[in-house]
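Take a look at the structure below.
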Number of protein chains: 2
Amino acid sequence: MANLHDLAYEMEKAIRSSAEYTQLKSLYDTVNNDPTAKRMFDNFRKIQMDLQQKQMMGMEITQEEVEQAQKTVALVQQHATIGKLMESEQRMSMIIADLNRIILKPIEDLYGSMEQY
Amino acid sequence: MANLHDLAYEMEKAIRSSAEYTQLKSLYDTVNNDPTAKRMFDNFRKIQMDLQQKQMMGMEITQEEVEQAQKTVALVQQHATIGKLMESEQRMSMIIADLNRIILKPIEDLYGSMEQY
Ligand SMILES: [Ca+2]
Ligand SMILES: [Ca+2]
């Protein structure tokens, strides 16, 4: 049996050297080195995270907050680099979700068998 | 570069054939095939999940609910097989968390670099 930790480290290296990760890192660097883009992106992230936190805590989200968030999304998507960064993040999330679905199948099988009984 | 999906499937196999997974599966089967143990375990899981859901939704958890949950934990831990199953689940969770920490390090590095600027 292959050692689980060795495989995890191999996977870490494979992610780090993948085209998708390299592109994501490059877009992050570009945004980080552009003060205007960085400010826009940080502002967007803050609004997004505040809303998520409110949602998790079961707090009410006002119509105004929803509209402000939508405006911010529309604004940052118009910024060429940030738009690309967001698409790149989306692709990386899907890859990670996909890998997790494969790796965690044995665990899912156990819980699935539990519900059947 | 090793293919990410191939590595994920290798990891899936390695988890499935690990001593920890084999033991966990065997304990699940034992509990599933013992109606009394199964009922105790299901009841414990339900109480646990209800509390988690309330917590996530920001709902108040009463002192009575906390006490009932604690009593149920104490009760199921006294059942030899369920106690072992819970320990085995705990170990598996730690293994999965450990693997995730290794695999997702490249992603964490990106977000870390973001905060520094
Ligand atoms: Ca700029
Ligand atoms: Ca019994």
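Order of the sequence lines sets the chain letters (A, B, ...), proteins ahead of strands, with each chain counted from 1.
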Distance from [X] atom [atom1] to [Y] atom [atom2], nearest 0.5 Å?
X	Y	atom1	atom2	value
B:Leu4	A:Glu20	CG	CD	7.5 Å
A:Glu10	B:Asp6	CD	CG	11.0 Å
A:Ile102	B:Ile15	CD1	CD1	11.5 Å

Residue, of B:Leu99, B:Ile95, B:Leu24, that accumulates the most heavy atom pairs under 4.5 Å with chain A: B:Leu99
Restricting to non-hydrogen atoms, name the atom on [X] and the atom on [Y] that form the minimum distance, rounded to 0.1 Å.
X	Y	answer
B:Ile107	A:Met92	CD1-CG, 3.6 Å
A:Met11	B:Ala8	CE-N, 3.1 Å
A:Arg16	B:Asp109	NH2-OD2, 2.8 Å

I'd like to know if [Y] and [X] are part of one continuous hydrophobic network [Ile/Leu/Val/Met/Phe/Trp/Tyr, side-chain heavy atoms within less than 4.5 Å].
X	Y	value
A:Ile47	A:Phe41	no
A:Val31	A:Val73	yes
B:Leu27	B:Leu75	yes
B:Tyr111	A:Val76	yes

Identify which part of [X] has an atom lying under 4.5 Å from any heavy atom of chain A, answering side chain, backbone, both or neither.
X	value
B:Tyr9	both
B:Glu89	side chain
B:Ile96	side chain

Heavy-atom pairs under 4.5 Å with chain B, option from A:Met59, A:Arg45, A:Arg101, A:His5 with the top count: A:His5
B:Ile103 side chain near A:Asn100 side chain, heavy-atom distance below 4.5 Å: no
